[in-house]
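Keep in mind that the numbers below use all heavy atoms, side chains included, and drop hydrogens, waters and symmetry copies. Below, chain A is the first sequence line, B the second, and so on; all start at residue 1.
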Protein chains: 2
Amino acid sequence: MNKVIESKNGCIAKAMNILGNKWTALIIRDLYLSPKRFCELERSVTKINPRTLTKRLNLLEEENIIKKVRINSDSLTYCYELTKKGSDLLPILKKMSDWGDKYFKD
Amino acid sequence: MNKVIESKNGCIAKAMNILGNKWTALIIRDLYLSPKRFCELERSVTKINPRTLTKRLNLLEEENIIKKVRINSDSLTYCYELTKKGSDLLPILKKMSDWGDKYFKD
DNA sequence: CAGTATCCTTGTTGATACTG
DNA sequence: CAGTATCAACAAGGATACTG
C-alpha cells in the first residue's frame, strides 16, 4: 500500500487553483453536458453574475480548460466547450460527487 | 455513456466546502501519512499560521473528517487523525494529483 | 447578446503577540 | 505545547448599470 498521494508536490494545488474558485465546478459540469454560450451559462449556472462568469471563462480559457469557438463565420457569437484538459477534470468532480453522495444522504 | 456527474445536486459543493479552503488538502494529505499533533502539523504544512491551522482543525473536526484523540490519559496533548469519512477524501486528492501531474510536467 | 465598468461588502488569510 | 486574541491586508464575489 503506497501512501504517496502526490507524485510530486504542487499537483493537487494546480487542480485546486482551477477548481477552488466558486462556480468553476458547475461551469465545467455544465459544459460537459454540451458546449454553451455565455447567456446559456448565465442561466444554467443559476445566480452567477456576468462579471464573475466573465472572470471564470477568461481564466479557464487562459488555462486551456475551455476553448471559445465562433458559432459561424459571419457572427460574433461564441460558444464555450471543454478541451481535453478540461474534460480530464471530470474524474475529480465525479469523485467529489461520490463522496458527497455517500456522506450527505439528506 | 452517462453524462450525469452528480447523482444529485450539491454533492460536489459538499466536497468543495471542505477541500476548497486553503491548506485543507495538505492537512489531509499529511494526516493520511500518519496521525499528527498540532505542532507537527505546523511543521509539515509549511507556512500555515496557528490561527488558520486551528480554524481548519476545528472545521474538519466538526465535519467529522478528523478526530482529536488524547495521546495518553494523564496528558493534555492531543493527536489528530483521519476518520473514515476523511480518508475517503483521498481518492479525490489522488485524482487531482493525477491531473496536475499530467498537465504540468514542469 | 456578450460582455465591461464601478463600487461595495464580505470572507479569508497573514502577522504577531500572548496565555494556561 | 497548543492554542487564543487582535489587528491589518487583501482577495473574492455580489449588485447594478451600462455599452457595442
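Contact check on B:K102 versus A:D88 returns a salt bridge, with a Lys/Arg side-chain nitrogen under 4.0 Å from an Asp/Glu carboxylate oxygen.
For the pair A:E42 CD and C:dT4 P, the computed distance is 12 Å after rounding to whole Å. Taking atom NZ of B:K55 as the reference point, atom P of C:dT13 lies 7 Å away to the nearest angstrom. In this structure, the OH atom of A:Y78 is 12 Å from the P atom of C:dT4, given to the nearest Å. For the pair A:L59 CG and C:dG3 P, the interatomic distance rounds to 15 Å; values are reported in whole Å. Rounded to whole Å, atom C1' of C:dT12 lies 13 Å from atom CH2 of B:W23. Separating the CG atom of B:N49 from the C1' atom of D:dC7 is a distance of 13 Å, rounded to the nearest angstrom. Following rounding to the nearest Å, B:I48 (CD1) and C:dG14 (C1') show an atom-to-atom distance of 11 Å. Atoms CG (B:L53) and P (D:dA5) sit 16 Å apart, rounded to a whole Å.
Of the candidates D:dC1, C:dG14, C:dA2, D:dC1 carries the atom nearest the B:C39 side chain, counting heavy atoms from C-beta on.
A close approach under 4.0 Å does not occur between any side-chain nitrogen or oxygen of B:T54 and OP1 or OP2 of D:dG3. The phosphate of C:dA5 (OP1 or OP2) has no side-chain N or O of A:R51 nearer than 4.0 angstrom. Remark: A:R56 is in phosphate contact with D:dG13, judged by side-chain N or O atoms under 4.0 Å from OP1 or OP2. Considering only side-chain N and O atoms, B:K22 lies under 4.0 angstrom from the phosphate OP1 or OP2 of C:dG14. Phosphate contact (OP1/OP2 of C:dG3, side-chain N/O of A:K68, threshold under 4.0 Å): present.
A:T24 OG1 to A:L93 CG: the interatomic distance, rounded to the nearest 0.5 Å, is 10.0 Å. For the atom pair B:R43 CZ and B:D30 CG, the distance stands at 12.5 Å (nearest 0.5 Å). The structure places CG of B:N49 at 8.5 Å from OG1 of B:T54, a figure rounded to the nearest 0.5 Å. If you take CG on A:L31 and CG on A:L60, they are separated by 8.0 Å, rounding to the nearest 0.5 Å.
Nucleotide D:dC18 forms a pair with C:dG3, judged by Watson-Crick or G-U wobble geometry with both contacts under 3.5 Å.
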